[in-house]
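A quick write-up on the structure given underneath.
Labels below follow one simple rule: chain letters A, B, ... track the order of the sequence lines, proteins then strands, and each chain is numbered from 1. Quantities reported herein were computed from a predicted structural model and do not represent experimental measurements.
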Amino acid sequence: MPELPDVEVFRNYLDSTSLNQSIQSVQLKSLKILKEISSQELEKELPGRKILGSHRHGKHLFLRMDDARWLMLHFGMTGFLKYFERMEEDPKHDRMLINFENGFHLAYVCQRLLGEVNLVEDKDKLIQEREMGRDALEMDYNTFKKIIQEKRGSIKSALMNQKYISGIGNIYSDEILFQAGVHPKKEAKQLGEAKIKKIYQEMRTVLTKAIEYHVDPAQFPDSYMLPHRDTDLRCPRCHNSFQQIKITGRTAYVCPHCQE
DNA sequence: AGTACCACCTGACGGC
DNA sequence: TGCCGTCAGGTGGTAC
């Protein structure tokens, strides 16, 4: 799931459930989601603290703790959050459990263990150290244009490169390019200014709308690719079949008739 | 600076 | 029922 819109939905979910509550205890159930920090440190440092707010950068979620540190969550390909009271509701692949003093629990769930949890003093320093690009929804047009014009390779891999633009993954890059009528294999450098502008506008529209629809494909307009990806595999415009091609190892869906 | 390929992981699905 | 290959909305390393 977790591209920019998914993580924004997680953020809203967290904000409406888990803020300003004292943490009683924390359990790490898998060490594989930890890269820079030990389970002992998390289990020792978080109890007694509260989450005061949240910030999203691309696909990363940062939770601001009341000691000014940041709990960083990345969701890999299969992660999400769940807030619940009864332990029977604890999801199957819970990897970290935050137990609040009010009796509720927040689970960080990550089936394939490709996500990461970390606790840092300075989130901006981490963003810089890990060379994360500007968040896709925070990026102005001129910066976007410069990035696209300077990149070699396909427009799809340019959009998905987190080092330049943070937040867009396989699904939403397909959707943005479908809406813009641009073929994902098109060389970024060869795009004219009108097309770059169109892609930029569609990037904003698609990501914003996806958040509004709570990333639920059933709520997307029929004119979007997403609802058709897992069903009829047909282009809602021309009704021809979507083609599946490989671009830098990922499966891209494309309508050869509507995208050039 | 690109791409191709592998690795990290778990699990679902189709073919035999 | 079981085994096997393949694939999955992410990312990082390596070789070319």
[N] to [M] separation - [atom1] atoms, rounded to the nearest Å:
N	M	atom1	value
B:dC6	C:dG5	P	14 Å
C:dC7	B:dC5	P	13 Å
C:dA8	B:dA4	P	16 Å

Selection [range] - residue pairs positive for side-chain hydrogen bond (donor to acceptor under 3.5 Å, both in side chains), sequence neighbours left out:
range	answer
residues 200-214 of chain A	A:Lys198-A:Glu202
residues 251-260 of chain A	A:Lys246-A:Thr251
residues 67-79 of chain A	A:Glu45-A:Arg69, A:Asp67-A:Arg69

Qualifying ring pair (Phe, Tyr, Trp, His ring centres under 6.0 Å) pairs with a residue from residues 9-49 of chain A, counting only residues at least two apart or across chains: A:Phe10-A:Phe75

With sequence neighbours left out, what residues match A:Glu8 under side-chain contact (heavy atoms from CB on, under 4.5 Å)?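 A:Glu8 satisfies side-chain contact (heavy atoms from CB on, under 4.5 Å) with A:Arg11, A:Asn12, A:Arg56, A:Ile211 once adjacent residues are dropped.
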
Listed by chain and number, what are the side-chain contact (heavy atoms from CB on, under 4.5 Å) partners of A:His228, not counting sequence neighbours? A:Asp222, A:Thr231, A:Asp232, A:Pro236, A:Phe242

A:Ile98 versus A:Gln27: any side-chain heavy-atom pair under 4.5 Å?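 They are not in side-chain contact.
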
Has [X] got a side-chain atom pairing as donor or acceptor with [Y]'s backbone, closer than 3.5 angstrom?
X	Y	value
A:Gln24	A:Phe100	no
A:His57	A:Gly133	yes
A:Arg95	A:Val109	no
A:Asp66	A:Lys50	yes

Nearest heavy-atom neighbours spanning A:His183 and A:Ile155: O-CG2, 3.5 Å

Expressed as a whole number of angstroms, how long is the span from [X]:[atom1] to [N]:[atom2]?
X	N	atom1	atom2	result
A:Asn118	C:dT11	CG	C1'	15 Å
A:Leu4	C:dT11	CG	C1'	17 Å
A:Met77	C:dT11	CE	C1'	10 Å

Taking any heavy-atom pair under 4.0 Å as a contact, classify A:Ser154: base, sugar-phosphate, or nothing.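 Sugar-phosphate contact only.
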
Sugar-phosphate only, base, or nothing, as touched by A:Lys189 at under 4.0 Å among non-hydrogen atoms: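 Result for A:Lys189 = nothing.
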
For A:Lys35 and A:Glu3, take the nucleotide of DNA chain C holding the closest heavy atom to each; which residue's nucleotide lies nearer the 5' end? A:Glu3

Does the pair A:Glu36/A:Arg130 count as a salt bridge with the N-to-O cut at 4.0 Å? yes

Mind running a 4.0 Å heavy-atom check of [range] against DNA chain C and sending the residues that fall below it, in number order?
range	value
residues 252-260 of chain A	none
residues 106-117 of chain A	A:Arg112, A:Leu114
residues 155-180 of chain A	A:Gln162, A:Gly169, A:Asn170, A:Ile171

Checking side-chain polar atoms at under 3.5 Å, does A:Ser166 have a donor or acceptor matched by the opposite partner on A:Asp135? no

Taking atom types as modelled, is there a side-chain donor on A:Lys156 or A:Ser173 under 3.5 Å from an acceptor on the other? yes

Runs of at least three Watson-Crick or G-U pairs with DNA chain B, cut-off 3.5 Å: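 Ordered by first number, the stems with DNA chain B (at least 3 consecutive pairs each) read B:2-8 with C:10-16, B:10-16 with C:2-8.
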
Assuming nearest nucleotide by heavy-atom distance, tell me which of A:Arg152 and A:Ile247 is located more 5' along DNA chain B. A:Arg152

Quick one: how far along DNA chain B does chain A reach, first to last nucleotide 5' to 3', anything under 4.0 Å to a heavy atom?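 For DNA chain B, the relevant span reads B:dA1 to B:dG11.
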
For A:Tyr83, what residues pass the side chain to side chain donor-acceptor pair (under 3.5 Å) criterion, not counting sequence neighbours?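 In terms of side chain to side chain donor-acceptor pair (under 3.5 Å), with neighbours along the sequence ignored, A:Tyr83 is linked to A:Gln21, A:Asn102.
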
